[in-house]
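Everything numeric in this text was worked out from a predicted model, so none of it was measured. One is the number of the first residue; the rest follow in order along the sequence.
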Amino acid sequence: MLRQQDVGHRIVVRRIVGIREGRPLFSDALGELVELTETHLTLATAQGQLQVPVDEVHRAKRVPAARRPTAAAVVALELAADEAWPAPTRGRLGDWLLRSAGGWTGRANSALPVGDPDRPLPAALDAVERWYADLGQPAMVNTPLPLAVPVGAELDARGWGARPVTLVQTVPLAALRPDRTDLPPVELTAAPSDDWLAIAAGRKGGLPDSARHVLTAVDRVRFAQVYADGELLAIGRGTVTGEGRWLGLALVEVLPRARRQGLATRVIRALADWGAALGATHAFLQVEQRNGPAVTLYHALGFTTHHTYLTRVAP
């Protein structure tokens with residue numbers, strides 16, 4: 001049977017879909033396991049997300065990935081993403097990164113276990129727990145999959161929980177599909193405006209001082225905004241990190257009444273043009289698997305999943 005450490009991996013499920021003449025009828029599904037509970041499992045398939053009740057599962061097993069990036073490529077992208085979302089309080093365990101931003105966002109408040117922690121795995125996780133305890137905040141670990149499967153297995157044994165699966169998606173900038181030209185212009189600024197910060201605060205549940213550091217403490221950063229009739233309708237943030245290769249996209253947000261008009265695409269395209277002018281060749285973003293509208297938008301622009309990660313939370 002499947003276990004929590006299989007989340008983020010490619011699996012095949014044979015499910016019972018009916019009975020004919022007293023015999024069960026089966027159907028097979030192939031995809032990435034994004035959630036596993038006592039009652040159901042959820043796959044991301046080529047046809048979309050599929051939820052299968054556990055009592056309908058006849059057989060399920062992990063299968064080899066169709067094509068996965070190398071471990072070195074996952075590490076490089078994770079480090080570029082860390083550079084693009086810099087926590088103000090930082091520490092190290094060998095190659096592992098320890099990050100804190102006063103609890104603002106999981107990415108800036110979790111350990112990143114890539115590379116060698118310079119000690120046995122159980123001792124490394126003990127040290128992670130102590131580091132966060134000293135800061136007075138819960139310990140969290142971001143586990144890129146399948147790179148950090150051994151870390152995930154140890155966390156399972158310790159009873160750690162997990163937040164929803166996050167997709168790390170990428171696209172070559174040259175392949176990013178163009179936007180429409182009949183929309184309001186996008187303004188790019190080196191610092192966020194008060195209006196920009198207000199929308200970001202609404203999405204992220206406030207913006208403490210640590211959040212401002214995360215947003216602005218990057219050498220090459222731009223804040224996109226789209227106004228119409230004096231009102232800010234859409235925002236986004238772009239960074240260039242990873243030795244200049246990666247354009248990082250974050251906080252792409254459109255006011256509810258202005259959605260489905262192409263403004264998010266407009267913002268992404270403007271930031272892509274800025275990044276390309278600085279020499280970036282690829283874009284990346286991080287989106288929860290369960291955020292269907294956003295995943296659909298990024299798929300339409302040409303983004304594909306590079307790898308996934310789970311944010312693990314201490315009990």
Inter- and intrachain pairs under salt bridge (Lys or Arg N to Asp or Glu O under 4.0 Å), touching residues 242-251, at least two apart: none
Sequence neighbours excluded, every pair satisfying salt bridge (Lys or Arg N to Asp or Glu O under 4.0 Å) that has a member inside residues 190-209: R203-E253
From R312, R99, R163, residue fulfilling side-chain hydrogen bond (donor to acceptor under 3.5 Å, both in side chains) relative to S110: R99
Side-chain hydrophobic cluster, 4.5 Å single linkage: members besides L97: V74, V75, L79, L112, V114, L147
In the structure I gave you, are the side-chain heavy atoms of [X] and [Y] within less than 4.5 Å of one another anywhere?
X    : Y    : answer
L278 : R220 : yes
V214 : P88  : yes
V221 : R237 : yes
L251 : L215 : yes
L263 : V186 : no
Q286 : Y309 : yes

Worked verdict on W104 versus W85 for ring-ring contact (aromatic ring centres under 6.0 Å, His included): CA-CA 11 Å; W104 191 74; W85 201 254; 5.6 Å; yes
Ionic contact status for R90 with D82, cut-off 4.0 Å: yes
Ion pair R130/D126, N-O distance below 4.0 Å: no
From CA spacing to verdict: side chain to side chain donor-acceptor pair (under 3.5 Å), T239, T241: CA-CA 6 Å; T239 55; T241 60; 4.8 Å; no
Distance in Å, L41 CG paired with L2 CG, rounded so as to fall on 0.5 Å steps: 6.5 Å
CZ-CG distance between R222 and D273, expressed to the nearest 0.5 angstrom: 13.5 Å
Donor on one side chain, acceptor on other, [X] and [Y], under 3.5 Å:
X    : Y    : answer
Q225 : S193 : yes
H213 : S210 : no
E288 : T166 : no
E78  : H307 : yes

N109 side chain vs A101 backbone, donor-acceptor pair below 3.5 Å: yes
Side chain D95, main chain D116, donor-acceptor under 3.5 Å: yes
More than 12 foreign heavy atoms under 6.0 Å from [atom1] of [X]: is that the case here?
X    : atom1 : value
R92  : CZ    : yes
R212 : CZ    : no
D219 : CG    : no

Heavy-atom pair with the smallest gap, counting every atom of [X] and [Y]:
X    : Y    : value
L43  : A29  : CD2-O, 4.1 Å
V226 : L232 : O-CD1, 3.4 Å
V252 : A264 : CG1-CB, 4.0 Å
A234 : V267 : CB-CG2, 4.1 Å
T305 : Q169 : OG1-NE2, 3.1 Å
M140 : Y132 : O-CE1, 3.9 Å

Residues F284, H306; criterion ring-ring contact (aromatic ring centres under 6.0 Å, His included); working and verdict: CA-CA 9 Å; F284 78 89; H306 185 272; 9.6 Å; no
